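Inspection log for the structure reproduced underneath, given as C-alpha coordinates.
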Protein chains: 2
Amino acid sequence: MPAAEDQPAASPARSARRQQTESAILEAALDVFAMHGFRGTTLDQIAERAGMSKPNLLYYFPSKEDVHARLLGDLLDHWLAPLRGIDPGGEPVEEILRYVRRKLAMSHDYPRESRLFAGEIIAGAPRISGFLTDGLRPLVDETVALIQGWIAQGRLAAVDPVQLLFSIWALTQHHADFAAQIEIVAPGDRAGDAGAFLDQMYRRLLTP
Amino acid sequence: MPAAEDQPAASPARSARRQQTESAILEAALDVFAMHGFRGTTLDQIAERAGMSKPNLLYYFPSKEDVHARLLGDLLDHWLAPLRGIDPGGEPVEEILRYVRRKLAMSHDYPRESRLFAGEIIAGAPRISGFLTDGLRPLVDETVALIQGWIAQGRLAAVDPVQLLFSIWALTQHHADFAAQIEIVAPGDRAGDAGAFLDQMYRRLLTP
DNA sequence: GTCTATAATCGGATAGAC
DNA sequence: GTCTATCCGATTATAGAC
(Lines give C-alpha, C1' and ligand atoms only; values in the text may rest on other atoms or scores of the structure.)
Protein backbone atom coordinates (compact mmCIF):
# COMPACT_ATOMS: atom_id res chain seq x y z
CA MET A 1 0.00 0.00 0.00
CA PRO A 2 2.22 2.82 -1.20
CA ALA A 3 -0.52 5.43 -1.01
CA ALA A 4 -1.42 4.73 2.58
CA GLU A 5 2.25 4.55 3.45
CA ASP A 6 2.95 7.92 1.89
CA GLN A 7 0.13 9.88 3.47
CA PRO A 8 1.68 10.50 6.87
CA ALA A 9 5.22 11.10 5.59
CA ALA A 10 4.27 13.04 2.47
CA SER A 11 2.88 16.09 4.25
CA PRO A 12 4.30 16.35 7.72
CA ALA A 13 4.59 20.13 7.50
CA ARG A 14 0.98 20.56 6.45
CA SER A 15 -0.25 18.29 9.19
CA ALA A 16 1.77 20.08 11.83
CA ARG A 17 0.55 23.44 10.57
CA ARG A 18 -3.02 22.23 10.62
CA GLN A 19 -2.70 21.05 14.19
CA GLN A 20 -1.22 24.38 15.17
CA THR A 21 -4.12 26.28 13.64
CA GLU A 22 -6.65 23.96 15.23
CA SER A 23 -5.02 24.53 18.60
CA ALA A 24 -5.21 28.28 18.17
CA ILE A 25 -8.91 28.00 17.38
CA LEU A 26 -9.61 25.71 20.33
CA GLU A 27 -7.65 27.96 22.64
CA ALA A 28 -9.70 30.98 21.57
CA ALA A 29 -12.94 29.01 21.65
CA LEU A 30 -12.28 27.82 25.20
CA ASP A 31 -11.96 31.43 26.35
CA VAL A 32 -15.31 32.39 24.90
CA PHE A 33 -17.36 29.22 25.50
CA ALA A 34 -16.22 29.14 29.14
CA MET A 35 -17.47 32.68 29.68
CA HIS A 36 -20.69 32.74 27.68
CA GLY A 37 -21.74 29.13 27.15
CA PHE A 38 -22.61 27.55 23.83
CA ARG A 39 -25.52 29.74 22.90
CA GLY A 40 -23.98 32.94 24.16
CA THR A 41 -20.84 32.47 22.08
CA THR A 42 -20.47 33.67 18.48
CA LEU A 43 -18.07 32.43 15.85
CA ASP A 44 -17.04 36.03 15.25
CA GLN A 45 -15.73 36.28 18.79
CA ILE A 46 -13.75 33.05 18.45
CA ALA A 47 -12.38 33.96 15.03
CA GLU A 48 -11.27 37.40 16.14
CA ARG A 49 -9.54 36.04 19.22
CA ALA A 50 -7.86 33.37 17.10
CA GLY A 51 -6.71 36.02 14.63
CA MET A 52 -8.50 34.73 11.57
CA SER A 53 -11.67 35.21 9.55
CA LYS A 54 -14.85 33.36 10.36
CA PRO A 55 -14.94 31.42 7.07
CA ASN A 56 -11.37 30.34 7.68
CA LEU A 57 -12.32 29.04 11.11
CA LEU A 58 -15.11 27.06 9.47
CA TYR A 59 -12.55 25.57 7.12
CA TYR A 60 -11.00 23.81 10.12
CA PHE A 61 -14.20 22.97 11.98
CA PRO A 62 -17.40 22.26 10.03
CA SER A 63 -19.62 24.07 12.53
CA LYS A 64 -19.82 25.87 15.86
CA GLU A 65 -21.21 22.69 17.35
CA ASP A 66 -18.07 20.81 16.28
CA VAL A 67 -15.71 23.24 17.98
CA HIS A 68 -17.69 22.97 21.18
CA ALA A 69 -17.93 19.19 21.02
CA ARG A 70 -14.19 18.91 20.55
CA LEU A 71 -13.47 21.06 23.61
CA LEU A 72 -15.95 19.14 25.71
CA GLY A 73 -14.57 15.80 24.55
CA ASP A 74 -11.00 16.77 25.37
CA LEU A 75 -12.12 17.99 28.78
CA LEU A 76 -14.11 14.91 29.74
CA ASP A 77 -11.18 12.69 28.79
CA HIS A 78 -9.26 14.13 31.74
CA TRP A 79 -12.10 14.94 34.09
CA LEU A 80 -12.25 11.59 35.90
CA ALA A 81 -8.52 11.01 36.24
CA PRO A 82 -8.23 12.29 39.83
CA LEU A 83 -11.17 10.18 41.01
CA ARG A 84 -9.72 7.12 39.27
CA GLY A 85 -6.44 7.83 41.03
CA ILE A 86 -7.78 6.95 44.48
CA ASP A 87 -5.90 3.84 45.58
CA PRO A 88 -8.09 1.26 47.36
CA GLY A 89 -4.92 -0.12 48.92
CA GLY A 90 -3.76 3.20 50.34
CA GLU A 91 -4.29 4.84 53.71
CA PRO A 92 -7.91 6.14 53.61
CA VAL A 93 -7.51 9.68 54.98
CA GLU A 94 -4.39 10.30 52.91
CA GLU A 95 -6.04 8.94 49.75
CA ILE A 96 -8.97 11.32 50.11
CA LEU A 97 -6.63 14.23 50.84
CA ARG A 98 -4.59 13.35 47.77
CA TYR A 99 -7.76 13.34 45.69
CA VAL A 100 -8.70 16.76 47.04
CA ARG A 101 -5.25 18.13 46.20
CA ARG A 102 -5.30 16.73 42.67
CA LYS A 103 -8.78 18.11 42.05
CA LEU A 104 -7.80 21.51 43.41
CA ALA A 105 -4.69 21.52 41.23
CA MET A 106 -6.82 20.77 38.18
CA SER A 107 -9.12 23.68 38.95
CA HIS A 108 -6.12 25.91 39.44
CA ASP A 109 -4.36 24.83 36.25
CA TYR A 110 -7.46 24.54 34.03
CA PRO A 111 -9.99 27.09 35.27
CA ARG A 112 -11.58 27.64 31.87
CA GLU A 113 -12.26 23.94 31.49
CA SER A 114 -13.90 23.95 34.90
CA ARG A 115 -16.12 26.87 33.91
CA LEU A 116 -16.98 25.17 30.61
CA PHE A 117 -18.11 22.12 32.57
CA ALA A 118 -20.02 24.22 35.09
CA GLY A 119 -21.82 26.07 32.34
CA GLU A 120 -22.92 22.82 30.78
CA ILE A 121 -24.30 21.55 34.07
CA ILE A 122 -26.12 24.82 34.79
CA ALA A 123 -27.63 24.64 31.31
CA GLY A 124 -29.08 21.25 32.27
CA ALA A 125 -26.23 19.08 30.96
CA PRO A 126 -27.81 18.67 27.50
CA ARG A 127 -24.55 17.61 25.85
CA ILE A 128 -22.93 15.65 28.67
CA SER A 129 -25.73 13.68 30.26
CA GLY A 130 -24.30 10.59 28.57
CA PHE A 131 -20.94 11.18 30.19
CA LEU A 132 -22.52 11.74 33.58
CA THR A 133 -24.60 8.57 33.33
CA ASP A 134 -22.07 6.22 31.74
CA GLY A 135 -18.77 7.69 32.89
CA LEU A 136 -19.18 9.54 36.16
CA ARG A 137 -21.96 7.67 37.88
CA PRO A 138 -20.46 4.16 37.81
CA LEU A 139 -17.17 5.56 39.07
CA VAL A 140 -18.97 7.38 41.87
CA ASP A 141 -20.83 4.21 42.84
CA GLU A 142 -17.54 2.36 42.97
CA THR A 143 -15.86 5.05 45.05
CA VAL A 144 -18.80 5.30 47.43
CA ALA A 145 -18.56 1.55 48.06
CA LEU A 146 -14.85 1.89 48.70
CA ILE A 147 -15.37 4.69 51.21
CA GLN A 148 -18.16 2.78 52.94
CA GLY A 149 -15.76 -0.12 53.33
CA TRP A 150 -13.13 2.12 54.87
CA ILE A 151 -15.70 3.51 57.30
CA ALA A 152 -16.87 0.02 58.24
CA GLN A 153 -13.27 -0.87 59.02
CA GLY A 154 -13.01 2.15 61.27
CA ARG A 155 -10.25 3.68 59.18
CA LEU A 156 -12.33 6.74 58.27
CA ALA A 157 -14.81 8.76 60.30
CA ALA A 158 -18.47 7.98 59.58
CA VAL A 159 -19.57 10.44 56.91
CA ASP A 160 -22.04 10.29 54.05
CA PRO A 161 -19.81 9.18 51.14
CA VAL A 162 -21.98 10.77 48.46
CA GLN A 163 -22.05 14.10 50.27
CA LEU A 164 -18.31 13.82 50.81
CA LEU A 165 -17.69 13.60 47.07
CA PHE A 166 -20.11 16.43 46.32
CA SER A 167 -18.35 18.59 48.88
CA ILE A 168 -14.96 17.94 47.29
CA TRP A 169 -16.25 18.87 43.86
CA ALA A 170 -17.90 22.00 45.18
CA LEU A 171 -14.91 23.20 47.18
CA THR A 172 -12.28 22.59 44.52
CA GLN A 173 -14.20 23.78 41.48
CA HIS A 174 -15.44 26.89 43.27
CA HIS A 175 -12.03 28.53 43.00
CA ALA A 176 -12.16 28.27 39.22
CA ASP A 177 -15.86 28.85 38.61
CA PHE A 178 -16.21 31.84 40.96
CA ALA A 179 -12.78 33.31 40.32
CA ALA A 180 -14.30 36.64 39.32
CA GLN A 181 -16.05 36.94 42.68
CA ILE A 182 -13.01 35.79 44.65
CA GLU A 183 -10.80 38.30 42.87
CA ILE A 184 -13.09 41.15 43.94
CA VAL A 185 -13.82 40.03 47.50
CA ALA A 186 -10.29 38.92 48.38
CA PRO A 187 -7.79 39.89 45.68
CA GLY A 188 -4.44 38.20 45.29
CA ASP A 189 -3.25 34.65 44.83
CA ARG A 190 -4.96 32.50 47.45
CA ALA A 191 -4.15 29.13 45.94
CA GLY A 192 -1.94 28.22 48.89
CA ASP A 193 -4.57 29.35 51.40
CA ALA A 194 -7.20 27.22 49.72
CA GLY A 195 -4.99 24.14 49.74
CA ALA A 196 -4.13 24.54 53.43
CA PHE A 197 -7.76 25.15 54.36
CA LEU A 198 -9.05 22.09 52.54
CA ASP A 199 -6.32 19.96 54.03
CA GLN A 200 -7.26 21.12 57.52
CA MET A 201 -10.98 20.75 56.90
CA TYR A 202 -10.92 17.21 55.52
CA ARG A 203 -8.34 15.98 57.97
CA ARG A 204 -10.55 17.03 60.87
CA LEU A 205 -13.64 15.62 59.23
CA LEU A 206 -12.24 12.26 58.19
CA THR A 207 -9.78 11.26 60.90
CA PRO A 208 -11.58 8.54 62.86
CA MET B 1 -53.87 67.02 45.56
CA PRO B 2 -56.92 65.14 44.34
CA ALA B 3 -55.17 63.75 41.25
CA ALA B 4 -52.29 62.23 43.16
CA GLU B 5 -54.70 60.96 45.73
CA ASP B 6 -56.83 59.30 43.08
CA GLN B 7 -54.10 57.57 41.15
CA PRO B 8 -53.63 54.56 43.41
CA ALA B 9 -57.30 54.07 44.18
CA ALA B 10 -58.62 54.86 40.72
CA SER B 11 -57.17 51.80 38.99
CA PRO B 12 -56.51 49.09 41.51
CA ALA B 13 -57.62 46.33 39.14
CA ARG B 14 -55.39 47.49 36.33
CA SER B 15 -52.41 47.81 38.59
CA ALA B 16 -52.97 44.37 40.08
CA ARG B 17 -53.34 42.91 36.62
CA ARG B 18 -50.16 44.58 35.47
CA GLN B 19 -48.24 43.18 38.42
CA GLN B 20 -49.61 39.74 37.71
CA THR B 21 -48.46 39.86 34.12
CA GLU B 22 -45.07 41.21 35.10
CA SER B 23 -44.69 38.37 37.56
CA ALA B 24 -45.52 35.82 34.89
CA ILE B 25 -42.86 37.32 32.63
CA LEU B 26 -40.24 37.42 35.36
CA GLU B 27 -41.05 33.86 36.34
CA ALA B 28 -40.56 32.66 32.78
CA ALA B 29 -37.48 34.81 32.30
CA LEU B 30 -35.87 33.40 35.44
CA ASP B 31 -36.25 29.89 34.05
CA VAL B 32 -34.49 30.77 30.83
CA PHE B 33 -31.86 33.24 32.03
CA ALA B 34 -30.79 30.83 34.79
CA MET B 35 -30.22 28.07 32.24
CA HIS B 36 -28.69 29.95 29.32
CA GLY B 37 -27.37 33.24 30.69
CA PHE B 38 -28.11 36.66 29.29
CA ARG B 39 -26.71 36.19 25.82
CA GLY B 40 -27.94 32.65 25.42
CA THR B 41 -31.52 33.63 26.18
CA THR B 42 -33.99 34.86 23.56
CA LEU B 43 -37.11 36.91 24.09
CA ASP B 44 -39.01 34.34 22.06
CA GLN B 45 -38.24 31.68 24.66
CA ILE B 46 -39.37 33.90 27.51
CA ALA B 47 -42.50 35.02 25.73
CA GLU B 48 -43.52 31.49 24.81
CA ARG B 49 -43.00 30.25 28.35
CA ALA B 50 -44.96 33.21 29.70
CA GLY B 51 -47.78 32.47 27.24
CA MET B 52 -47.70 35.71 25.31
CA SER B 53 -46.28 37.28 22.19
CA LYS B 54 -42.86 38.89 22.07
CA PRO B 55 -44.20 42.41 21.37
CA ASN B 56 -46.55 42.04 24.29
CA LEU B 57 -43.68 41.14 26.56
CA LEU B 58 -41.88 44.26 25.36
CA TYR B 59 -44.95 46.26 26.30
CA TYR B 60 -44.24 45.42 29.94
CA PHE B 61 -40.45 45.60 29.81
CA PRO B 62 -38.75 48.04 27.41
CA SER B 63 -35.96 45.61 26.55
CA LYS B 64 -34.37 42.26 27.24
CA GLU B 65 -31.77 44.06 29.31
CA ASP B 66 -34.52 45.46 31.56
CA VAL B 67 -36.01 42.06 32.28
CA HIS B 68 -32.62 40.71 33.23
CA ALA B 69 -31.74 43.75 35.35
CA ARG B 70 -34.99 43.43 37.26
CA LEU B 71 -34.36 39.76 38.08
CA LEU B 72 -30.81 40.46 39.14
CA GLY B 73 -31.86 43.42 41.27
CA ASP B 74 -34.54 41.42 43.06
CA LEU B 75 -32.04 38.63 43.67
CA LEU B 76 -29.26 40.81 45.03
CA ASP B 77 -31.69 42.47 47.42
CA HIS B 78 -31.96 39.16 49.28
CA TRP B 79 -28.53 37.69 48.60
CA LEU B 80 -26.73 39.17 51.61
CA ALA B 81 -29.47 38.63 54.17
CA PRO B 82 -28.04 35.37 55.61
CA LEU B 83 -24.56 36.88 56.01
CA ARG B 84 -26.04 39.97 57.65
CA GLY B 85 -27.90 37.65 60.00
CA ILE B 86 -24.78 36.50 61.83
CA ASP B 87 -25.07 37.79 65.38
CA PRO B 88 -21.78 39.11 66.80
CA GLY B 89 -23.23 38.53 70.26
CA GLY B 90 -24.10 34.90 69.66
CA GLU B 91 -22.20 31.70 70.29
CA PRO B 92 -19.59 31.53 67.49
CA VAL B 93 -19.92 27.91 66.33
CA GLU B 94 -23.71 28.05 66.43
CA GLU B 95 -23.78 31.37 64.57
CA ILE B 96 -21.69 29.96 61.73
CA LEU B 97 -23.82 26.82 61.61
CA ARG B 98 -26.94 28.93 61.51
CA TYR B 99 -25.49 30.89 58.59
CA VAL B 100 -24.71 27.65 56.76
CA ARG B 101 -28.26 26.40 57.29
CA ARG B 102 -29.83 29.62 56.09
CA LYS B 103 -27.61 29.71 53.02
CA LEU B 104 -28.40 26.08 52.24
CA ALA B 105 -32.11 26.75 52.64
CA MET B 106 -31.86 29.64 50.19
CA SER B 107 -30.16 27.43 47.61
CA HIS B 108 -32.83 24.81 48.15
CA ASP B 109 -35.75 27.21 47.91
CA TYR B 110 -34.36 29.45 45.16
CA PRO B 111 -32.16 27.28 42.94
CA ARG B 112 -32.80 29.29 39.78
CA GLU B 113 -31.70 32.49 41.48
CA SER B 114 -28.52 30.73 42.55
CA ARG B 115 -27.85 29.61 38.99
CA LEU B 116 -28.57 33.10 37.68
CA PHE B 117 -25.96 34.45 40.07
CA ALA B 118 -23.48 31.70 39.21
CA GLY B 119 -23.87 32.37 35.51
CA GLU B 120 -23.15 36.04 36.02
CA ILE B 121 -19.97 35.27 37.94
CA ILE B 122 -18.80 32.73 35.37
CA ALA B 123 -19.40 35.32 32.67
CA GLY B 124 -17.00 37.61 34.51
CA ALA B 125 -19.57 39.46 36.65
CA PRO B 126 -20.06 42.22 34.05
CA ARG B 127 -23.38 43.36 35.52
CA ILE B 128 -22.79 42.77 39.22
CA SER B 129 -19.22 43.89 39.85
CA GLY B 130 -20.65 46.97 41.55
CA PHE B 131 -22.65 44.81 43.92
CA LEU B 132 -19.64 42.64 44.67
CA THR B 133 -17.42 45.65 45.34
CA ASP B 134 -19.84 47.87 47.24
CA GLY B 135 -22.23 45.35 48.78
CA LEU B 136 -20.53 42.01 49.30
CA ARG B 137 -16.93 42.99 49.92
CA PRO B 138 -17.46 45.38 52.86
CA LEU B 139 -19.74 42.85 54.51
CA VAL B 140 -17.15 40.12 54.02
CA ASP B 141 -14.44 42.33 55.53
CA GLU B 142 -16.66 42.96 58.52
CA THR B 143 -17.49 39.28 58.96
CA VAL B 144 -13.85 38.26 58.61
CA ALA B 145 -12.92 40.67 61.39
CA LEU B 146 -15.68 39.23 63.56
CA ILE B 147 -14.48 35.67 62.99
CA GLN B 148 -10.87 36.65 63.67
CA GLY B 149 -12.02 38.11 66.96
CA TRP B 150 -13.80 34.90 67.90
CA ILE B 151 -10.70 32.91 67.05
CA ALA B 152 -8.49 35.22 69.11
CA GLN B 153 -10.82 34.67 72.04
CA GLY B 154 -10.44 30.94 71.63
CA ARG B 155 -14.16 30.47 70.97
CA LEU B 156 -13.60 29.14 67.44
CA ALA B 157 -10.89 26.88 66.02
CA ALA B 158 -8.14 28.69 64.13
CA VAL B 159 -9.18 28.69 60.48
CA ASP B 160 -8.68 31.08 57.58
CA PRO B 161 -11.84 33.24 57.80
CA VAL B 162 -11.85 34.14 54.10
CA GLN B 163 -11.51 30.51 53.07
CA LEU B 164 -14.22 29.60 55.57
CA LEU B 165 -16.70 31.93 53.88
CA PHE B 166 -15.71 30.75 50.40
CA SER B 167 -16.24 27.15 51.51
CA ILE B 168 -19.72 27.92 52.81
CA TRP B 169 -20.71 29.60 49.56
CA ALA B 170 -19.30 26.74 47.51
CA LEU B 171 -20.92 23.98 49.52
CA THR B 172 -24.37 25.51 49.80
CA GLN B 173 -24.69 26.88 46.27
CA HIS B 174 -23.37 23.68 44.73
CA HIS B 175 -26.63 21.90 45.41
CA ALA B 176 -28.52 24.45 43.31
CA ASP B 177 -25.95 25.14 40.61
CA PHE B 178 -25.02 21.52 39.95
CA ALA B 179 -28.48 20.06 40.51
CA ALA B 180 -28.47 18.46 37.06
CA GLN B 181 -25.31 16.53 37.88
CA ILE B 182 -26.48 15.57 41.36
CA GLU B 183 -29.77 14.29 39.99
CA ILE B 184 -27.93 11.94 37.63
CA VAL B 185 -25.17 10.76 39.98
CA ALA B 186 -27.35 10.31 43.06
CA PRO B 187 -31.05 10.72 42.26
CA GLY B 188 -33.62 11.51 44.89
CA ASP B 189 -34.10 14.24 47.45
CA ARG B 190 -30.86 14.65 49.35
CA ALA B 191 -31.61 17.97 50.99
CA GLY B 192 -31.61 16.38 54.43
CA ASP B 193 -28.36 14.53 53.77
CA ALA B 194 -26.69 17.74 52.69
CA GLY B 195 -27.82 19.59 55.79
CA ALA B 196 -26.62 16.86 58.12
CA PHE B 197 -23.29 16.58 56.33
CA LEU B 198 -22.57 20.30 56.46
CA ASP B 199 -23.55 20.42 60.11
CA GLN B 200 -21.15 17.60 60.91
CA MET B 201 -18.37 19.05 58.76
CA TYR B 202 -18.42 22.57 60.17
CA ARG B 203 -18.95 21.45 63.75
CA ARG B 204 -15.81 19.34 63.58
CA LEU B 205 -13.87 22.08 61.85
CA LEU B 206 -14.87 24.96 64.06
CA THR B 207 -15.19 23.54 67.54
CA PRO B 208 -12.10 24.79 69.39
C1' DG C 1 -5.55 27.98 3.07
C1' DT C 2 -7.35 32.41 3.28
C1' DC C 3 -10.09 35.87 1.98
C1' DT C 4 -14.51 38.88 0.35
C1' DA C 5 -19.14 38.56 -0.71
C1' DT C 6 -23.41 36.72 0.21
C1' DA C 7 -27.18 33.57 1.27
C1' DA C 8 -30.39 32.23 4.91
C1' DT C 9 -31.97 32.63 9.23
C1' DC C 10 -32.44 34.44 13.89
C1' DG C 11 -33.34 37.87 17.31
C1' DG C 12 -34.36 42.46 19.45
C1' DA C 13 -37.27 45.99 18.83
C1' DT C 14 -41.03 48.97 16.48
C1' DA C 15 -45.44 50.21 13.80
C1' DG C 16 -49.89 50.10 13.73
C1' DA C 17 -54.42 47.57 13.57
C1' DC C 18 -57.79 45.87 16.76
C1' DG D 1 -53.31 45.36 26.25
C1' DT D 2 -52.59 42.24 22.69
C1' DC D 3 -51.76 40.94 18.30
C1' DT D 4 -49.69 40.55 13.19
C1' DA D 5 -46.48 42.39 10.22
C1' DT D 6 -42.12 44.15 9.68
C1' DC D 7 -37.61 46.48 10.08
C1' DC D 8 -32.83 45.78 10.69
C1' DG D 9 -28.70 44.27 12.66
C1' DA D 10 -26.42 39.96 14.10
C1' DT D 11 -25.11 35.22 13.23
C1' DT D 12 -24.25 30.66 11.06
C1' DA D 13 -22.77 28.91 7.08
C1' DT D 14 -21.62 28.71 1.97
C1' DA D 15 -19.77 30.27 -2.72
C1' DG D 16 -16.16 31.33 -5.15
C1' DA D 17 -12.03 34.29 -6.19
C1' DC D 18 -7.14 34.34 -5.15
Side-chain angles (χ1 to χ4, degrees), chain A residues 7-8 10-72 119 123 126-127, chain B residues 7-8 10-72 116 119-120 123 126-127:
Chain A
Q7 197 108 29
S11 49
R14 201 186 63 177
S15 179
R17 183 183 160 77
R18 180 173 187 100
Q19 257 193 331
Q20 200 174 6
T21 308
E22 278 187 8
S23 292
I25 293 170
L26 292 170
E27 176 68 17
L30 182 53
D31 279 345
V32 189
F33 278 130
M35 280 192 74
H36 299 293
F38 180 76
R39 297 182 36 171
T41 294
T42 72
L43 289 178
D44 275 315
Q45 290 175 293
I46 301 174
E48 185 187 355
R49 202 174 278 254
M52 69 183 64
S53 68
K54 187 165 51 174
N56 196 18
L57 188 160
L58 287 164
Y59 170 79
Y60 287 92
F61 291 88
S63 72
K64 176 181 172 180
E65 195 85 44
D66 282 283
V67 182
H68 191 259
R70 171 72 168 276
L71 283 174
L72 220 43
R127 281 167 268 262
Chain B
Q7 196 110 28
S11 48
R14 199 185 62 176
S15 178
R17 183 181 162 75
R18 180 174 187 100
Q19 257 193 332
Q20 200 174 6
T21 308
E22 277 186 9
S23 292
I25 293 170
L26 291 170
E27 177 68 16
L30 183 54
D31 279 345
V32 189
F33 278 130
M35 280 191 74
H36 300 294
F38 181 76
R39 296 182 37 170
T41 293
T42 71
L43 289 178
D44 275 315
Q45 291 175 292
I46 301 174
E48 186 187 355
R49 200 176 279 256
M52 68 183 65
S53 68
K54 186 164 54 173
N56 197 18
L57 188 159
L58 287 165
Y59 170 78
Y60 287 92
F61 291 89
S63 72
K64 177 182 173 181
E65 195 84 44
D66 283 284
V67 182
H68 191 259
R70 171 73 168 276
L71 284 173
L72 221 43
L116 183 68
E120 280 299 304
R127 280 167 268 261

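Keep in mind that what you see is a predicted model, and the values were worked out from it rather than measured. Values below: all heavy atoms of this structure, side chains included; hydrogens, waters and symmetry mates excluded. To find a chain, count down the sequence lines: A is the first, B the second, and so on, and within it residues start at 1.
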Inset, instruction - Rounded to the nearest 0.5 Å, what's the gap from CG on B/L71 to CG on B/L116? Could you check? - result: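 The CG atom of B/L116 is 6.5 Å from CG of B/L71, to the nearest 0.5 Å.
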Can you find a side chain N or O atom of [X] that sits less than 4.0 Å from OP1 or OP2 on [N]?
{"X": "B/Y59", "N": "D/dG1", "value": "yes"}
{"X": "B/S53", "N": "D/dC3", "value": "yes"}
{"X": "B/N56", "N": "D/dC3", "value": "yes"}

Extract from the structure each pairing of a protein N or O with an N or O of nucleotides 12-14 of chain C at less than 3.5 Å, listing the distance.
unit_1, atom_1, unit_2, atom_2, d
C/dG12, OP1, B/T41, O, 3.2
C/dG12, OP1, B/K64, NZ, 3.0
C/dG12, OP2, B/L43, N, 2.8
C/dG12, N7, B/K54, NZ, 2.9
C/dA13, OP2, B/K64, N, 2.9

Can you give each donor-acceptor pair under 3.5 Å made by side-chain atoms of residues 52-61 of chain B, sequence neighbours left out, with the distance rounded to 0.1 Å?
unit_1, atom_1, unit_2, atom_2, d
B/S53, OG, B/N56, N, 3.3
B/K54, NZ, B/D44, OD2, 3.4

Inset, instruction - With the side chain counted from C-beta on, respond yes when A/H68 and A/T41 share a heavy-atom pair under 4.5 Å apart, and no when they do not. - result: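 No, side chains not in contact.
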Inset, instruction - Run the salt-bridge test on A/E27 and A/R49 with the 4.0 Å N-O cut-off and return the result as yes or no. - result: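 Salt bridge absent between A/E27 and A/R49.
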Legend entry - Side-chain ion pair, A/R17 and A/E22, N-O less than 4.0 Å: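 Result for this pair is no, no salt bridge flagged.
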Integer-rounded Å distance: [N] [atom2] and [X] [atom1]:
{"X": "B/L57", "N": "D/dT4", "atom1": "CG", "atom2": "C1'", "result": "16 Å"}
{"X": "A/Q45", "N": "D/dT11", "atom1": "CD", "atom2": "C1'", "result": "11 Å"}
{"X": "A/F61", "N": "D/dA13", "atom1": "CZ", "atom2": "P", "result": "13 Å"}
{"X": "B/I46", "N": "C/dC10", "atom1": "CD1", "atom2": "P", "result": "18 Å"}

Legend entry - Donor-acceptor under 3.5 Å (A/Q19 side chain, A/A16 main chain):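 No, the answer is negative, given that no donor and acceptor are paired below the 3.5 Å cut-off.
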